[in-house]
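Contents: one structure, followed by commentary.
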Amino acid sequence: MRIVIINGQGHKGSTRMVARELAERVGGEITEFFLPRDFDEPCVGCWTCFKTDLTHCPHYAKLRPIVSALDEADLIILASPVYVYHATGQMMALLDHFGTRWMVHRPEPRYFRKQGVCVSTAAGGGMRSTNRDMADSLAFWGVPRIHRLGFAIHAGSPAGISKKSRAAIERKVEATARRIRSDAGRRHVSARNRYWFFLMRFLHRGIWRQEPDWSYWEERGWHAKGRPWK
Ligand SMILES: Cc1cc2nc3c(=O)[nH]c(=O)nc-3n(C[C@H](O)[C@H](O)[C@H](O)COP(=O)(O)O)c2cc1C
């Protein structure tokens, strides 16, 4: 299994520890990125990707290794510590660059066959909103199966995590890894994917003819019988 981990922080703390442990338990070829080291550009709002495509983004040269790894991966792990109840700014800055890949624009069909995991750790709270920040992107890219691992570790680093919390993390990580392995290669379409696909298809066949999205769907047969998950 090809696994890509995007770390929304530059250091190897508790969040990276959980993400890495999960990837190793799933097993496969692991590629890791650390933000902002591997991508440090905020979206400038130029709309170029919406008007053309992602390859024309002014940051594409820096973005390309991450795009390639995500496109090739079977499993995508997005990992972020909770910063003021949300994913880190650098994680959100990366995800902003993929707006054009959202289901409501031009989703890449390979994403409908991937699995995804959102990992967050916090001193006390905010894992739910942080995982949601990241899960929204995975879901709108088309990823049908998304696991969420959020841990309140009551510590600032792995060394401070209690034995009890450590054991709970290991149990949850192992259960998730087992589930991912057993789902590998299976076809699945989420209700959310279906909902957004058919809503956009309905709009495209009626009033909503925005380009280049409309032609992208038309070329793939999605306005007729084609489906991105088939
Ligand atoms: C800028 C900043 C903001 C934080 N905000 C929160 C927060 O909103 N809620 C919380 O419980 N912990 C918060 N924390 C604590 C971290 O989320 C927590 O220590 C986390 O496990 C660190 O993960 P890491 O070791 O991967 O960096 C914050 C830490 C920093 C540095």
Side-chain angles (χ1 to χ4, degrees), residues 1-9 15-16 18-35 38-39 54 63 65-82 86-88 90-121 127-151 169 172-197 228-229:
M1 189 178 290
R2 280 161 300 185
I3 304 170
V4 60
I5 306 174
I6 312 269
N7 291 288
Q9 74 292 341
T15 319
R16 192 268 182 172
V18 175
R20 184 79 202 186
E21 200 165 305
L22 175 70
E24 284 173 4
R25 283 179 191 237
V26 171
E29 180 195 317
I30 304 169
T31 306
E32 254 186 300
F33 295 95
F34 289 86
L35 305 176
D38 297 320
F39 188 74
L54 192 54
L63 196 59
I66 297 182
V67 175
S68 302
L70 287 170
D71 286 353
E72 297 302 321
D74 303 299
L75 173 65
I76 299 172
I77 302 176
L78 300 181
S80 174
V82 173
H86 289 279
T88 59
Q90 49 271 37
M91 173 62 83
M92 296 315 291
L94 172 73
L95 297 178
D96 286 348
H97 286 78
F98 292 88
T100 188
R101 290 279 191 95
W102 273 42
M103 186 72 148
V104 292
H105 297 288
R106 279 163 279 150
E108 156 64 49
R110 280 177 284 184
Y111 284 69
F112 292 80
R113 298 195 186 101
K114 300 180 192 292
Q115 297 190 65
V117 186
C118 302
V119 175
S120 63
T121 72
M127 299 84 70
R128 196 185 165 97
S129 41
T130 298
N131 282 339
R132 168 124 200 241
D133 289 338
M134 300 183 283
D136 278 345
S137 281
L138 289 175
F140 277 97
W141 294 347
V143 177
R145 284 194 197 279
I146 303 165
H147 301 273
R148 299 173 195 226
L149 294 176
F151 298 105
I169 291 170
K172 189 82 203 275
V173 165
E174 176 53 29
T176 307
R178 217 176 310 125
R179 184 79 202 274
I180 291 167
R181 286 195 303 266
S182 80
D183 283 343
R186 285 199 193 156
R187 293 273 169 109
H188 172 74
V189 195
S190 68
R192 174 137 90 160
N193 281 350
R194 277 184 192 280
Y195 172 83
W196 283 103
F197 177 82
W229 50 84

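FYI, the numbering just counts along the sequence from 1. Side chains are part of it too, since the values below use all heavy atoms of this structure and drop only hydrogens, waters and symmetry mates.
Y111 is listed as a side-chain neighbour of L70, based on a closest heavy-atom distance under 4.5 Å. Put simply, the side chain of P107 reaches to within 4.5 Å of the side chain of F112, judged on heavy atoms. Contact annotation: the side chain of L63 approaches that of L54 to within less than 4.5 Å [non-hydrogen atoms, C-beta and beyond]. When side chains are defined from C-beta on, P65 does not count as touching D38, because their heavy atoms never get closer than 4.5 Å. Residues S190 and Y195 fail the side-chain proximity criterion, which asks for heavy atoms closer than 4.5 Å. Within the 4.5 Å cutoff, the side chain of T15 has no heavy atoms near those of the N7 side chain.
Among the candidates I180, I76, I146, L78, the single residue satisfying the side chain to side chain contact (heavy atoms under 4.5 Å, CB included) test with V117 is I180.
Atom CG of residue L149 and atom CD of residue E21 lie 10.5 Å apart, to the nearest 0.5 angstrom. With rounding to the nearest 0.5 angstrom, the CH2 atom of W229 is 11.5 Å from the CZ atom of R113. Here the OG1-NE2 distance, from T100 to H105, works out to 7.0 Å after rounding to the nearest 0.5 Å. Note that CG of L75 and CD1 of I3 are 5.5 Å apart. Values are rounded to the nearest 0.5 Å. Put simply, CD1 on I169 and CG on L22 are 12.0 Å apart, with the number rounded to the nearest 0.5 Å.
For the salt bridge (charged side-chain N to carboxylate O under 4.0 Å, His left out) test, residues two or more places apart in sequence or in another chain that qualify with R101 are D71. R2 pairs by the side-chain contact (heavy atoms from CB on, under 4.5 Å) definition with E29, E72, D74, not counting sequence neighbours. Among residues two or more places apart in sequence or in another chain, the ring-ring contact (aromatic ring centres under 6.0 Å, His included) test is passed with F39 by H97. Applying the side-chain contact (heavy atoms from CB on, under 4.5 Å) rule to M92 yields the partners A87, L95, D133; only residues at least two apart in sequence or on another chain are considered. For F33, the ring-ring contact (aromatic ring centres under 6.0 Å, His included) criterion is met by no residue, not counting sequence neighbours. In this view, R20 and E24, E32 satisfy the salt bridge (charged side-chain N to carboxylate O under 4.0 Å, His left out) rule, not counting sequence neighbours.
Summarising the geometry of G116 relative to V143, their closest heavy-atom pair is N-CG1, 3.6 Å, with the distance given to 0.1 Å. Across all non-hydrogen atoms, the minimal contact from W141 to F98 is NE1-CB, 3.5 Å. In terms of heavy-atom proximity, F151 sits nearest to M127 at N-CG, 3.7 Å. Taking every heavy atom of both residues into account, R148 and R132 meet most closely at NH1-CA, 3.8 Å. Minimum heavy-atom separation, T130 to S120: CG2-CB, 3.7 Å. When all heavy atoms of R192 and F140 are compared, the closest pair comes out as NH1-CE1, 3.9 Å.
For K114 (side chain) and A73 (main-chain N/O), a donor-acceptor pair under 3.5 Å exists by modelled atom type. Between the side chain of S80 and the backbone N or O of T88 there is at least one donor-acceptor pair closer than 3.5 Å.
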Starting from the C-alpha separation in whole Å, work towards a yes-or-no answer on side-chain contact (heavy atoms from CB on, under 4.5 Å) for H188 and D183. CA-CA 9 Å; H188 172 74; D183 283 343; over 6 Å; no
